[in-house]
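Numbering of residues begins at 1 and proceeds along the displayed sequence. Counting starts at 1 for both ligands and their atoms, in listed order.
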Amino acid sequence: MTRLANAVTLLGAGTQGSRLAYMWSRLGKPVYLVDKSSSQLTQASSAVHDMRERNPPEREGKLIRLDTDNMEKALRNSWLTIECIPEDLQRKRAVIKELDTRTDPETIIATNSSSYPISDIVKGLSLKADDRLVNLHAFWPPETQALEIMGTEKTRPDIIPLLMKETQRHGFMPFHVKKHSTGYMFNRIWAAIKRETLLVLEEGIATPKEVDQICKAVLKTPLGPCEQMDIAGLDVILDIEKHYAQERSGIPEGPRRLLKEMVGQGNLGVKSGSGFFKYNNSVKT
Ligand SMILES: NC(=O)c1ccc[n+]([C@@H]2O[C@H](COP(=O)([O-])OP(=O)(O)OC[C@H]3O[C@@H](n4cnc5c(N)ncnc54)[C@H](O)[C@@H]3O)[C@@H](O)[C@H]2O)c1
């Protein structure tokens, strides 16, 4: 890594890429936003602009938009590269391999994946430098600043403290996940809440409305688990639960059974107009 490498490259300028671009540029450092879709790059710039209007940063770092074919300069000038492409294992493997080949061995390579530990993404790949790989899992910045950082057994010892410091400086609330963990810290806890909620519903113990009411009353959360699952999309929740069931034994089938039935009937949550509840233009009715 050269001394001039003070930028961050975000590969994938979708929902997360644009949010991360706002965060990593908020102290005045340049951010490269790289995507294969030029319309996505335009949308991402406008999303960053809106975030800057709503939450004016200390300084506005330069946003440099690049097509994937022209990302050489971005990689040369970045101390950190984060892939934010869709949650598809094969595509992520290809992208991480490319980043490994095309970056200086000192450049940190991170994935923002919600469910794949980086060690699983690179399994079987022959890499130039496998001591600079990390998961850097953001939630919904800038509104939700929590961020989970998880290295591999080979991650260089200086990388985690550096990322803890830099993410905090840029307004994240970082947590170090100290061992390999599918679902990191929070998603595992949230998975357990979702799973038991689905079992309670499947067994006919309570209705979605009652489950949400009691959770909101006791846990003091603005939304209940059924409302939150409807927002995320029940098809997405089903995929996540299937992934946990592949990884671990003893995951009950009831939650997947209920979700499959609902998804099969077209009840995907807010995006389809009905899930546990009914929606009109994304508003609960
Ligand atoms: N959406 C969330 O709330 C959320 C939260 C935490 C983590 N994540 C994770 O972040 C990652 C990205 O999710 P998202 O919701 O931002 O996805 P998204 O679909 O909104 O954006 C993905 C972007 O990647 C681009 N892309 C695809 N292949 C590419 C390639 N080879 N090179 C460059 N760009 C490419 C697409 O054009 C698109 O703009 C996923 O791994 C997801 O699990 C998402």
Between [Y] and [X], is the closest basic N to carboxylate O distance under 4.0 Å?
X	Y	result
Glu227	Lys216	yes
Glu253	Arg256	no
Asp230	Lys284	no
Arg257	Glu202	yes

- Message: Please report whether ligand 1 has a polar contact with Asp35, defined as an N or O pair separated by less than 3.5 Å (distance criterion only).
- Response: yes

[X] touching ligand 1 at heavy-atom level, < 4.0 angstrom:
X	result
Tyr116	no
His137	yes
Glu83	no

- Task: Kindly assign one of parallel, tilted or perpendicular to the pair Trp79 and Trp24, based on the angle between their ring planes and the thresholds 30° and 60°.
- Result: perpendicular

- Task: For the residue pair Trp190 and Phe186, categorise the inter-ring angle as parallel (less than 30°), tilted (30 to 60°) or perpendicular (more than 60°).
- Result: parallel

Identify the closest protein heavy atom to [atom]: which residue and atom is it, and at what distance?
atom	value
atom 7 (C) of ligand 1	Ser114 OG, 3.0 Å
atom 41 (O) of ligand 1	Glu87 OE1, 2.6 Å
atom 19 (O) of ligand 1	Pro86 CG, 4.2 Å
atom 2 (C) of ligand 1	Gln16 NE2, 3.7 Å
atom 10 (O) of ligand 1	Asn112 ND2, 3.1 Å
atom 32 (N) of ligand 1	Thr68 CG2, 3.3 Å
atom 29 (C) of ligand 1	Ile85 CG2, 3.5 Å
atom 6 (C) of ligand 1	Ala138 O, 3.1 Å

Relative to the heavy atoms of [X], which atoms of ligand 1 are at a distance of less than 4.0 Å?
X	answer
Phe139	5 (C)
Val95	31 (N)
Arg91	27 (C), 28 (N)
Gln40	39 (O)
Trp140	3 (O)
Lys92	40 (C), 41 (O)

- Hey, which of Lys128, Arg132, Arg93 is the one that makes salt bridge (Lys or Arg N to Asp or Glu O under 4.0 Å) with Asp100? Arg132

- Item | Within 45° cone of Tyr244 ring axis and under 6.0 Å: Arg188 NZ or CZ | no

- Determine whether the side chains of Thr9 and Ser78 contain a donor N or O and an acceptor N or O closer than 3.5 Å. yes

- Query: Is it the case that Thr103 and Arg76 place a side-chain donor and acceptor less than 3.5 Å from each other?
  - Reply: no

- Message: Rounded to the nearest 0.5 Å, what separates atom CD in Glu60 from atom OG in Ser25?
- Response: 7.5 Å

- Task: Name the option, out of Pro141, Gly14, Ala13, that contains the heavy atom nearest to atom 21 (O) of ligand 1.
- Result: Gly14

- Message: Evaluate Tyr116 against His243 for ring pair (Phe, Tyr, Trp, His ring centres under 6.0 Å), listing each step before the verdict.
- Response: CA-CA 10 Å; Tyr116 294 109; His243 186 200; 5.0 Å; yes

